[in-house]
Amino acid sequence: MRRHRQSLWTNRKLSLVVSSLLGIFFLLITAVLISGFAFLFISDFRLLRLISLIPVITGAFSGAFICGKYRRRKGLISGIVCGIIIYALICASGAIFAGRPTRIGKLLLLVTAGAAGGISGVNSKRPKSLRD
């Protein structure tokens with residue numbers, strides 16, 4: 001008799017945590033790349049405020065996209081929750097390292113990017129390695 005092993009993506013809480021951590025990983029990678037680009041090529045510091053939003057958007061979008069692509073249902077809700085989890089992690093690290101939490105406007109940005117990523121992930125092509 002075959003054993004049926006459940007996928008990581010069938011458990012909603014675990015899949016949200018894993019995809020949010022992957023989103024934070026992509027955020028950190030993008031932040032390193034953007035900071036290197038800014039160090040080498042940008043001399044006007046007024047652009048840094050806009051450029052610093054790129055890693056936040058890519059992190060939330062990619063984490064929610066992965067969650068939506070592999071869960072294959074409720075992409076909007078999963079993306080919003082993924083954005084909220086990423087905001088909580090950013091807010092906690094901001095309180096620890098900078099001494100103050102991040103602004104609430106970043107929550108709106110993360111939730112919007114997460115919702116777009118979750119919807120895009122659900123509507124994307126089904127992964128070949130996914131088995132329900």
Side-chain angles (χ1 to χ4, degrees):
M1 192 160 146
R2 282 173 87 181
R3 286 190 228 174
H4 182 67
R5 184 175 58 122
Q6 286 189 346
S7 173
L8 163 79
W9 305 105
T10 56
N11 186 353
R12 181 176 180 167
K13 291 178 184 177
L14 186 61
S15 65
L16 284 172
V17 168
V18 168
S19 61
S20 296
L21 290 177
L22 285 172
I24 290 287
F25 176 73
F26 288 128
L27 186 145
L28 292 174
I29 295 294
T30 310
V32 168
L33 294 175
I34 292 291
S35 65
F37 174 78
F39 179 73
L40 294 175
F41 297 112
I42 295 179
S43 61
D44 187 16
F45 291 112
R46 290 178 286 183
L47 292 174
L48 289 179
R49 183 172 290 261
L50 292 175
I51 290 175
S52 67
L53 294 177
I54 294 172
V56 173
I57 293 170
T58 58
F61 185 86
S62 62
F65 183 84
I66 290 170
C67 186
K69 186 170 184 81
Y70 285 99
R71 289 209 70 225
R72 305 302 298 169
R73 59 186 163 277
K74 297 184 181 178
L76 179 68
I77 303 295
S78 297
I80 289 172
V81 172
C82 190
I84 291 171
I85 292 171
I86 291 174
Y87 175 76
L89 292 173
I90 290 174
C91 191
S93 66
I96 291 170
F97 295 118
R100 60 181 175 86
T102 58
R103 296 183 180 169
I104 200 76
K106 196 168 282 187
L107 175 64
L108 181 63
L109 184 68
L110 284 165
V111 165
T112 305
I119 291 170
S120 300
V122 167
N123 292 324
S124 67
K125 192 174 180 182
R126 181 181 172 91
K128 292 182 181 180
S129 64
L130 182 66
R131 292 194 174 121
D132 290 332

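The first residue of the sequence shown is numbered 1, and numbering continues consecutively from there.
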- Query: Linking I/L/V/M/F/W/Y whenever their side-chain heavy atoms sit closer than 4.5 Å, directly or via other members, would Leu47 and Leu40 fall into one cluster?
  - Reply: yes
- Query: Are the side chain of Ser52 and the backbone N or O of Arg49 linked by a donor-acceptor pair below 3.5 Å?
  - Reply: yes
- Linking I/L/V/M/F/W/Y whenever any side-chain heavy atoms sit under 4.5 Å apart, do Ile119 and Ile57 land together? yes
- Message: Testing the basics here: between Pro55 and Thr30, what is the closest heavy-atom pair and its distance to 0.1 Å?
- Response: CA-CG2, 3.8 Å
- Query: Do you know which two heavy atoms are closest between Ala64 and Gly114, and how far apart they sit?
  - Reply: CB-O, 3.0 Å
- Message: With a 3.5 Å distance limit and no angle check, can you tell me whether Lys69 reaches the backbone of Lys125 through a side-chain donor-acceptor pair?
- Response: yes
- Measure from the side-chain N and O atoms of Ser124 to the backbone N and O of Gly121, and report whether any donor-acceptor pair falls under 3.5 Å. yes
- Do the side chains of Ile24 and Ile54 join up, straight or via other hydrophobic residues, at under 4.5 Å, putting them in one cluster? no
- Below 4.5 Å, heavy atoms only, C-beta onward: do Tyr87 and Ile104 meet side chain to side chain? yes
- Message: Assigning hydrophobic clusters by single linkage (Ile, Leu, Val, Met, Phe, Trp, Tyr; side-chain heavy-atom cutoff under 4.5 Å), is Leu48 placed with Leu50?
- Response: no
- Considering all heavy atoms of both residues, which atom of Leu16 and which atom of Cys82 are nearest to each other, and what is their separation? CD2-N, 4.5 Å
- Query: With a 4.5 Å heavy-atom cut-off, do Leu110 and Ile84 have their side chains touching?
  - Reply: no
- Query: Is Ser62 close to Leu22 at the side-chain level, that is, under 4.5 Å between some pair of heavy atoms?
  - Reply: no
- Query: Which value, rounded to the nearest 0.5 Å, describes the distance between Ile85 atom CD1 and Lys13 atom NZ?
  - Reply: 11.0 Å
- Query: Between Ser20 and Ile86, what is the shortest heavy-atom contact and its length?
  - Reply: O-CG1, 3.9 Å
- Going only through I, L, V, M, F, W and Y residues with side-chain contacts under 4.5 Å, is there a path from Ile34 to Val32? no
- Quick one: pull up CZ in Phe61 and OG1 in Thr112 and give me the separation to the nearest 0.5 Å. 12.5 Å
- From Cys91 atom SG to Arg103 atom CZ, the distance as rounded to the nearest 0.5 Å: 12.5 Å
- Evaluate the side-chain proximity of Ile66 to Phe26: yes if any heavy-atom separation is below 4.5 Å, no if none is. yes
- Task: Not counting sequence neighbours, which residues clear ring-ring contact (aromatic ring centres under 6.0 Å, His included) with Phe37? List them please.
- Result: Phe41
- Item | Any side-chain heavy-atom pair of Thr58 and Ile29 under 4.5 Å | no
- Atom of Val56, atom of Lys106 and distance for their closest heavy-atom approach: CG1-CG, 4.2 Å
